[in-house]
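Single-structure report; data block below.
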Amino acid sequence: MKAWPVVAVVIVQSVICVAHWFIYRTWIDFWWPMSPQALLALRIAFVLLSLVFVAASLLSFRFSNSFVRILYTAAALWMGVANFLLVGAGFAWLTDLILRSIVPTTTRIADRPYIAAALLVAAIATSIYGLANARAIRLRRVTVQLPNLPACWRGRQALLVSDMHLGHINGLGFAGRIVAMARDLNPAIIFLAGDLFDGVRVNAAQMAAPLQELKPPLGIYFVGGNHEEFGGAAHFEEALRSGGIHVLHNESADVEGLRVVGVAYGPSTYPLQMRSFLEGLRLKGGPASILLNHVPNRLPVAEHAGVSLQLSGHTHGGGQMFPFNFITRRAFGKFTYGLQRFGEMQVYTSSGAGTWGPPMRVGTHSEIVLLTFA
């Protein structure tokens, strides 16, 4: 392995271990007294739970079998619950701090188990809501006006789908749901804006088979995201090409006068190369153009090159779950979600259809987007 993946794994595992220690410490300080045997069992459980997600993730990149799928799904579910337990633990100490200034010490300590119980119930309830909310895929309709749009495109509709994360959790059944929604909408063209796959070891052609049943008149266009890079972008791209999906890996296509351009995640991390590629297309002053770029970044590069509309995903609408929305919005600002303007260019960032890691959404929602060109 290269050095950076090892460093990343160590950092992620360290953060997870610290979070589990904080939850454990809060539990034993706030809960009713426990026997030595119960404390030992709880300690062992938290050690194992703190290790299972990283271990399952590493296995999922190497193996594809029932055991790995079950282990990864269970680990991902636990990480979602643990996230809300961590938030609850923070609120427990905050509540204790507030009570310290207004009630006697003996009363405050006696009330600690009830605080912990209330926050435990809240964490579990939030996790259940997050599971249900993530499964509810919404349709968002957006009208876009583009300068120099060919007359034949006015009134046409395009379907934008991003971040399906097909893999051990979102499988063929999930893909089938998206396909059924797309078939009912009957768009003229479909854009897949990256992270179609989760990056784990799967039969990519089999996973994408439901999508290949769709036959929009103007085709399906795909650009790779960061998760395709995890599992080898070329492998996933070849599976899509063999099924008749147009893969735009630093490529452009003329679709009845509309320029459709795709820059995959890997090349997009090199802004000078991306600038050279886009400016070489001579988009500025020409017909309307759409750039598929998984991450809503490199906006100055795209806008300067004359791109009319950039379609992105990646952010999951704001980190997928509270409290990660604060981090995502700090990184991407107003381009975290929705239709925004950057200079002469418009940018639509979708919250995506699927999930990564915990199959939960709190504070965001799953969506596919029907664009109407006016």
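Since the model is a prediction, treat every value here as computed from it, not as a measurement. Just the heavy atoms: all of them, side chains too, but no hydrogens, waters or symmetry mates, feed the values below.
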Joint cluster assignment, [X] & [Y], ILVMFWY side-chain distance < 4.5 Å:
X	Y	result
V52	L48	no
W21	I28	yes
L370	Y348	no
F174	I220	yes
I190	L292	no

Among residues at least two apart in sequence or on other chains, which ones pass side chain to side chain donor-acceptor pair (under 3.5 Å) with W78?
H20
Evaluate whether atom [atom1] of [X] has more than 12 neighbouring non-hydrogen atoms of other residues, nucleotides or ligands under 6.0 angstrom away.
X	atom1	answer
W356	CH2	no
F342	CZ	yes
Q145	CD	no

Between D96 and R112, does at least one N-O distance fall below 4.0 Å, as a salt bridge requires?
yes
Who are the salt bridge (charged side-chain N to carboxylate O under 4.0 Å, His left out) partners of R341, not counting sequence neighbours?
none
Quick check: does any side chain N or O of [X] sit under 3.5 Å from a backbone N or O of [Y], one acting as donor and the other as acceptor?
X	Y	value
E238	H235	no
Q212	I245	no
W27	A116	no
S366	A134	yes
R259	D254	no
R138	A136	yes
T328	T315	no
Q320	P358	yes
E303	E344	yes
T73	I70	no

Could you go step by step and tell me if Q310 and F335 meet the side-chain contact (heavy atoms from CB on, under 4.5 Å) rule?
CA-CA 11 Å; Q310 175 168 314; F335 300 102; over 6 Å; no
Pairwise distance [atom1]([X]) to [atom2]([Y]) - rounded to 0.5 angstrom:
X	Y	atom1	atom2	result
F236	L166	CZ	CG	9.5 Å
D198	D163	CG	CG	10.0 Å
M345	L299	CE	CG	4.5 Å
L40	I44	CG	CD1	4.0 Å
N293	L248	CG	CG	12.0 Å
M321	N133	CE	CG	12.0 Å

Closest non-hydrogen atom pair, A208 against L240:
CB-CD2, 3.7 Å
Heavy-atom distance under 4.5 Å between the side chains of [X] and [Y], does that happen here?
X	Y	answer
R156	E256	yes
I189	L258	no
M164	I178	yes

Given S350, which partner from the list H316, E367, R140 fulfils the side chain to side chain donor-acceptor pair (under 3.5 Å) test?
E367
With under 30° as parallel and over 60° as perpendicular, where do the rings of F322 and F326 fit, or are they tilted in between?
perpendicular
Fit a plane to each ring of H227 and H165, take the angle between them on a 0 to 90° scale, and name the class: parallel (under 30°), tilted (30 to 60°) or perpendicular (over 60°).
perpendicular
Under 3.5 Å, sequence neighbours excluded: what are the donor-acceptor pairs made by side chains of residues 273-291?
residue : atom : partner : partner atom : Å
E279    : OE2  : H304    : ND1          : 2.8
K284    : NZ   : H304    : O            : 2.7
S289    : OG   : S308    : N            : 3.2

Report yes if the distance between the aromatic ring centroids of F30 and W93 is under 6.0 Å, otherwise no.
yes
Less than 3.5 Å apart, any donor N or O on the side chain of H314 or N226 sitting next to an acceptor on the other?
yes
Using distance alone, with no hydrogens and no angle criterion, decide if T355 and R361 have a side-chain donor and acceptor under 3.5 Å apart.
no
CA sep, side-chain torsions, deciding dist, call: W153, L218, side-chain contact (heavy atoms from CB on, under 4.5 Å):
CA-CA 11 Å; W153 274 90; L218 302 179; 3.6 Å; yes
Passes side-chain contact (heavy atoms from CB on, under 4.5 Å), V161 versus L211? Steps please.
CA-CA 11 Å; V161 182; L211 293 170; over 6 Å; no
For N83 and V362: C-alpha separation, side-chain torsions, deciding distance, then whether side-chain contact (heavy atoms from CB on, under 4.5 Å) applies.
CA-CA 11 Å; N83 172 71; V362 175; over 6 Å; no
